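Please read the structure below before turning to the comments.
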2 protein chains.
Amino acid sequence: MAPTPAQLKVLRFLRDHIIRRGYPPSVREIQHAFGFASPNAAAKHLHALAAQGLLELAGRARGIRLLGGALPAADTLTLPLIGKVAAGMPILVEAHVERNLSLDRSLFKPEPDYLLRVVGDSMIDAGILDADLIAIRHTPEARNGQIVVARVDGAVTVKVFRRDHRGVHLMPRNPAYSAIEVDATSDFAIEGLYCGLVRGA
Amino acid sequence: MAPTPAQLKVLRFLRDHIIRRGYPPSVREIQHAFGFASPNAAAKHLHALAAQGLLELAGRARGIRLLGGALPAADTLTLPLIGKVAAGMPILVEAHVERNLSLDRSLFKPEPDYLLRVVGDSMIDAGILDADLIAIRHTPEARNGQIVVARVDGAVTVKVFRRDHRGVHLMPRNPAYSAIEVDATSDFAIEGLYCGLVRGA
DNA sequence: CGGATAGGTGTACATTTGTACACCATGGCA
DNA sequence: TGCCATGGTGTACAAATGTACACCTATCCG
């Protein structure tokens with residue numbers, strides 16, 4: 001399913017606009033650039049291009065992101081490295097960002113949203129050591145056996161997730177530690193899913 | 001008139017957002033990323049940065065354009081991932097390259113030259129598991145206690161390097177394995193130095 | 001002391017913006 | 001002939017968005 005000539009013209013306009021202005025055009029700006037009488041004409045072209053995987057639409061103002069045969073180095077992720085997380089605050093906040101690291105997009109699956117520095121050796125049998133950086137996908141859902149970042153009573157921890165009829169258990173992978181049992185009185189939330197790790201020597 | 005630390009943090013956030021999402025953030029997205037209670041706090045930072053010539057504001061939705069020392073590509077290495085190494089051949093040849101991966105330059109120290117896929121679990125107590133990718137600096141020198149990639153009689157192996165008055169010992173980090181003793185009759189060479197590892201989940 | 005500057009709160013408002021819905025025209029194709 | 005994708009018109013609306021105004025706090029400095 002290749003882009004039609006009309007769609008290609010829109011794609012070139014997008015690339016041009018982003019290079020020259022620094023931000024994507026709005027739907028109506030595309031409309032006027034091409035002389036359309038309706039914003040819908042431009043919107044349809046955008047959605048057609050999105051359906052072909054040539055760009056992503058965020059649904060927000062100017063939420064256009066070119067992919068693949070497009071603008072910048074497309075195959076690297078830029079992930080924020082989260083440092084100390086203040087109790088009660090969501091993890092994904094600029095205030096926590098220590099630095100940003102570039103990593104190949106194809107490295108982790110699913111695609112992670114941030115990196116977290118591991119503290120402690122409770123996951124040592126999973127090959128996750130103290131001071132390792134783990135790549136985390138921000139999501140509140142997990143299946144049994146997956147490694148998750150969870151928040152229990154304000155503290156952030158990395159454990160194997162397990163849920164059964166008695167409740168949620170956060171299992172370490174180190175015989176020296178015991179499981180965290182989450183009961184109804186605990187403030188509990190899954191922060192994200194483990195996608196892989198990076199370790200500098 | 002140099003940007004203040006707070007303004008620098010905003011600038012880094014902008015650059016990062018543009019790289020990762022493909023379009024600039026809105027004023028309110030900046031506000032929420034930093035935990036401000038008012039969109040005005042973010043807007044003021046933007047206008048302060050604009051007054052310093054570090055960016056341009058178009059007055060439209062996400063109308064932020066970085067100037068000068070802003071957008072450029074992150075500092076990334078492109079490392080070849082070495083697949084199966086044929087006996088007798090040097091590691092660093094084109095024929096062995098499976099693919100190339102981009103990784104942040106600041107991640108590993110010293111700077112590695114290639115990636116190697118680990119086979120086996122002889123280094124499990126060092127947190128190096130089967131199928132991990134390890135970053136290797138190509139060098140023939142090593143000090144005691146360092147993790148090295150070595151070639152013994154044609155076979156490539158990852159072990160802890162130790163040299164004493166009796167000769168060279170290649171120590172596993174797994175009690176189930178025993179050390180490789182290198183004597184004068186062996187064909188032995190240090191291929192490189194372990195710099196870190198990457199693991200996809 | 002007094003004043004300027006950086007950084008921030010709180011509220012309000014006119015535009016901008018993405019999208020939804022209904023409808024029309026053309027051309028390829030089975 | 002009927003069908004469907006492409007490309008387009010016209011209208012409407014809730015949400016997102018930049019900005020203006022008033023006011024607060026702390027720090028630095030002459």
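Below, all heavy atoms of this structure are taken into account, side chains as well, without hydrogens, waters or symmetry copies. Source: prediction; values computed, not measured.
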Residue [X], side-chain heavy atoms: nucleotide from [options] that is nearest:
| X | options | result |
| --- | --- | --- |
| B:A37 | D:dG8, C:dT17, C:dG10 | C:dG10 |
| B:N40 | D:dT11, C:dA12, C:dG10 | C:dG10 |
| A:R28 | D:dC23, D:dG18, D:dA12 | D:dA12 |
| A:P39 | C:dC23, D:dA12, D:dG18 | D:dA12 |
| B:F36 | C:dT9, D:dG7, D:dG18 | C:dT9 |
| A:S38 | D:dT9, C:dG7, D:dT17 | D:dT9 |
| A:S26 | C:dT9, C:dT17, D:dT19 | C:dT17 |

Exercise. Are the charged groups of B:E29 and B:R62 less than 4.0 angstrom apart, N to O?
Worked result: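 Here B:E29 pairs with B:R62 in a salt bridge, since their nearest N and O are under 4.0 Å apart.
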For this session: To the nearest 0.5 angstrom, please state how far the CG atom of A:L116 sits from the CG atom of A:L81.
Result: 8.0 Å
What is the separation between atom [atom1] on [X] and atom [atom2] on [N], rounded to the nearest whole Å?
| X | N | atom1 | atom2 | result |
| --- | --- | --- | --- | --- |
| B:R60 | D:dT17 | CZ | C1' | 13 Å |
| B:Q31 | C:dT9 | CD | P | 8 Å |
| A:L57 | C:dT17 | CG | C1' | 13 Å |
| A:I30 | D:dG8 | CD1 | P | 13 Å |
| B:Y23 | D:dG18 | OH | C1' | 18 Å |
| A:H45 | C:dT19 | NE2 | P | 16 Å |
| A:E29 | C:dT16 | CD | C1' | 9 Å |

Exercise. Counting only heavy atoms not in A:R60, do more than 12 sit closer than 6.0 Å to its CZ atom?
Worked result: yes
Exercise. When you measure from the side chain of A:H169 to the backbone N and O of A:I180, does any donor-acceptor pair fall under 3.5 Å?
Worked result: no
Exercise. Which sits closer to the 5' end of DNA chain D, B:K44 or B:A61, going by the nucleotide each is nearest to?
Worked result: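 On the 5' side of the pair lies B:A61.
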Exercise. Where does the angle between the aromatic ring planes of A:F188 and A:F161 fall among parallel (under 30°), tilted (30 to 60°) and perpendicular (over 60°)?
Worked result: parallel
Exercise. Just checking A:A41: base, sugar-phosphate only, or nothing, at a heavy-atom cut-off of under 4.0 Å?
Worked result: base
Exercise. Does OP1 or OP2 of D:dG18 have a side-chain N or O of B:H47 closer than 4.0 Å?
Worked result: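 No, no such contact exists.
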